[in-house]
Amino acid sequence: MKHSNTSQNIVFDRELIASLPASGPRYTSYPTADRFHAEFTDQDYRQALRQRSDDPLSLYLHIPFCNTICYYCGCNKVITKDTARADRYLGYLKQEFALQAQNWTGKPPLAQLHFGGGTPTFLNENQLALVFDLIRQHFTLLPEGEYSIEIDPRKVSRETVLFLGRLGFNRMSVGIQDFDPQVQQAVNRIQSEAETRTVTEAAREAGFRSVSVDLIYGLPHQSPASMQQTLDKVLALDPDRLAVYHYAHLPHLFKPQRRIDTDAVPDSNTKLDMLQQIVQRLDQAGYVFIGMDHFAKPGDELAVALREGRLQRNFQGYSTHADCDLVAVGVSAIGKIGRTYSQNERELEAYYAALDAGRLPIMRGYVLTDDDLLRRRLIQDLMCRFGLEFADYTAECGRPFADYFAAEMPELTGMAAKGLLELGAEGLRVSAKGRFLIRNIAMVFDHHLRHRTTAARYSQTV
């Protein structure tokens, strides 16, 4: 039996979801990061930077520190309560900024900034000001720029949020995950509704242009009943955007998850119940389905960009500035310059050692081929516009689309038969039921996934 919500843009078809591969790439990049290799060096990165145009840049800055550990988390982080450790880290960030800036002239315009972690607000106000001074020293901030930071409401006061606004931040991502006390206890993240409301209201007081919240479904002790209560509380906060992530319980890969009671983790059917519930509730509340696991108010810039065909995607998710080259600073940070990707060293000591040696801390990277560039653009169009016009790719293909992608056409035909998409001679259009399975459709065009000889770990597609 098929269950659908009321939106014309998305249909939640449980039988169809169950019939397709359960895991796959999120396509924050193509090729995906598992294709990066150590033969790509800091010299390759420098060359790419020197060859780039004068267009505005994006900047990602990674702060790895957290005060406490959330048991579900699989991110690259350092657990400590010693803020002095951040002083040493910021000293190395200063060195990395200086080495990066040797490869461009002047102060390039900065269209987009994202502080990620870890917990960026692990830093105190003096430390945050120091980092923002470094940014202003090397880049020109723009009135229309998007400058965002991830917030842990448990560690942030109203005054801190107002301070972030004065520094120059204008977007905020607030971690919630779940408001149920039993769930919070099970994942070691105790966070009150009042704390969360304080920071969201402070963001609006400070003039932030959007507040996004993160939720996770599939955590221990969650149920449709508890999720309904969490959704009611979240919607009362009136966020501009929501990201709803699937929890993958992989204790053999992520040590903190070993502290979670596996028997308390909901089964697959219950997870689908909760996801369907979330989708229907957000649709009823008037949120627009942006793609994958993201929702936004109709007037939000992401929703407007989706309607106008300007939506894009990068390592931080959906964006209106993803076409910019992305400079990445800090341990484990991933960037995109021209036709290259690069990632910094994942461990602090290796990151420090590279900078002590006077070189950028590039651990691995990748140079895209012409075929990669074609498929990257195609996958981005699928993820952000839910359709393809084959003629748009004729020049890059050098021959008819159906000839270039002859290996992929039978699988597309099969997806059309299942109702995921409409396939014609001139293009394809993703259906309402296919939109929620867009990762599965994009996977058809992933040459590396199709031809890989080793196993890879990917998240659940739904």
Side-chain angles (χ1 to χ4, degrees), residues 7-13 16-17 20-33 35 243 288-296 302-303 305-320 322-323 336 368 370-397 400-450 458-462:
S7 171
Q8 296 179 355
N9 294 324
I10 177 173
V11 171
F12 194 92
D13 189 327
L16 185 58
I17 290 169
L20 296 173
S23 63
R26 294 182 61 82
Y27 293 116
T28 52
S29 72
Y30 178 82
T32 50
R35 308 308 298 176
V288 175
F289 176 65
I290 300 300
M292 285 179 50
D293 35 33
H294 283 65
F295 299 80
L302 283 184
L306 175 65
R307 287 196 299 273
E308 297 179 352
R310 297 183 291 103
L311 188 67
Q312 296 167 20
R313 189 162 172 77
N314 64 11
F315 289 106
Q316 278 68 62
Y318 285 101
S319 168
T320 58
D323 57 335
K336 180 196 80 169
L368 282 75
D370 289 344
D371 179 73
D372 290 331
L373 291 170
L374 166 61
R375 292 173 187 267
R376 177 170 77 177
R377 184 163 81 91
L378 187 154
I379 288 173
Q380 173 125 205
D381 285 343
L382 274 175
M383 303 288 285
C384 299
R385 282 168 274 290
F386 297 112
L388 303 175
E389 299 296 330
F390 295 162
D392 292 345
Y393 309 94
T394 301
E396 292 157 280
C397 290
F401 185 97
D403 289 349
Y404 191 97
F405 293 104
E408 289 80 5
M409 296 307 290
E411 197 166 348
L412 293 175
T413 301
M415 287 187 162
K418 291 183 176 182
L420 277 83
L421 53 89
E422 298 174 5
L423 181 63
E426 297 181 351
L428 69 82
R429 181 64 47 191
V430 178
S431 69
K433 67 172 67 175
R435 287 190 169 206
F436 217 77
L437 294 155
I438 192 62
R439 288 165 68 180
N440 294 85
I441 299 173
M443 286 161 62
V444 174
F445 294 97
D446 188 333
H447 177 84
H448 297 277
L449 185 65
R450 184 182 294 270
Y458 298 116
S459 62
Q460 292 281 112
T461 56
V462 175

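Ring-centre distance between His294 and Phe289: not below the 6.0 Å cut-off.
For Arg385 and Asp381, the salt-bridge test passes: some basic side-chain N is under 4.0 Å from an acidic carboxylate O. Contact check on Asp446 versus Arg450 returns no salt bridge, with no Lys/Arg side-chain nitrogen under 4.0 Å from an Asp/Glu carboxylate oxygen. Here Glu389 pairs with Arg429 in a salt bridge; the nearest charged N to carboxylate O distance falls below 4.0 Å.
Relative to the six-membered ring of Phe445, Arg375 misses at least one condition, a distance below 6.0 Å or an angle of at most 45° to the axis. Remark: Arg435 is positioned above the aromatic ring of Phe386, its terminal NZ or CZ atom under 6.0 angstrom from the ring centre and at most 45 degrees off the axis.
With hydrogens and angles ignored, the 3.5 Å screen pairs no side-chain donor or acceptor of Arg376 with any backbone N or O of Pro31. Between the Glu422 side chain and the Ala416 main chain, no donor and acceptor come within less than 3.5 Å of each other.
To the nearest 0.5 angstrom, Ile290 atom CD1 is 13.0 Å from Met383 atom CE. Residue Ser431 holds its OG atom at 12.5 Å from NZ of Lys418, rounded to the nearest 0.5 Å. Once rounded to the nearest 0.5 Å, the distance linking NZ of Lys336 with OG1 of Thr28 reads 11.0 Å. The distance from the CD atom of Glu411 to the CG atom of Asn440 is 9.5 Å, given to the nearest 0.5 Å. In this structure, Ser29 OG and Arg35 CZ are separated by 11.5 Å, a value rounded to the nearest 0.5 Å. With rounding to the nearest 0.5 angstrom, the CG atom of Leu382 is 4.0 Å from the CG atom of Leu388.
Smallest separation of non-hydrogen atoms from Leu16 and Lys433: CD2-CD, 3.5 Å. Minimum interatomic distance between Ala305 and Thr320 (heavy atoms only, all atoms of both residues): CB-CG2, 3.7 Å. Nearest heavy-atom pair across Pro410 and Ala406 is CD-O, 3.2 Å.
Counting heavy atoms from C-beta outward, Leu374 and Tyr404 have side chains that approach closer than 4.5 Å. Side-chain contact between Phe390 and Cys397 is absent, with no heavy-atom pair separated by less than 4.5 Å. Side-chain atoms of Pro25 and Met443, non-hydrogen and from C-beta on, do get closer than 4.5 Å to each other. The shortest side-chain heavy-atom distance between Asp293 and Arg26 falls under the 4.5 Å cut-off. Side-chain contact between Thr32 and Tyr27 is present, with at least one heavy-atom pair separated by less than 4.5 Å. Here the side chains of Val430 and Leu420 are not in contact, with every heavy-atom distance at 4.5 Å or above. Within the 4.5 Å cutoff, side-chain heavy atoms of Leu412 are placed close to those of Leu428. In this structure, Leu378 and Phe401 have side chains that are in contact, with non-hydrogen atoms separated by less than 4.5 Å.
Atom CD of Glu308 has more than 12 neighbouring heavy atoms from other residues, nucleotides or ligands inside a 6.0 Å radius.
Side-chain contact annotation: His447 with Asp372, donor-acceptor N/O pair under 3.5 Å absent.
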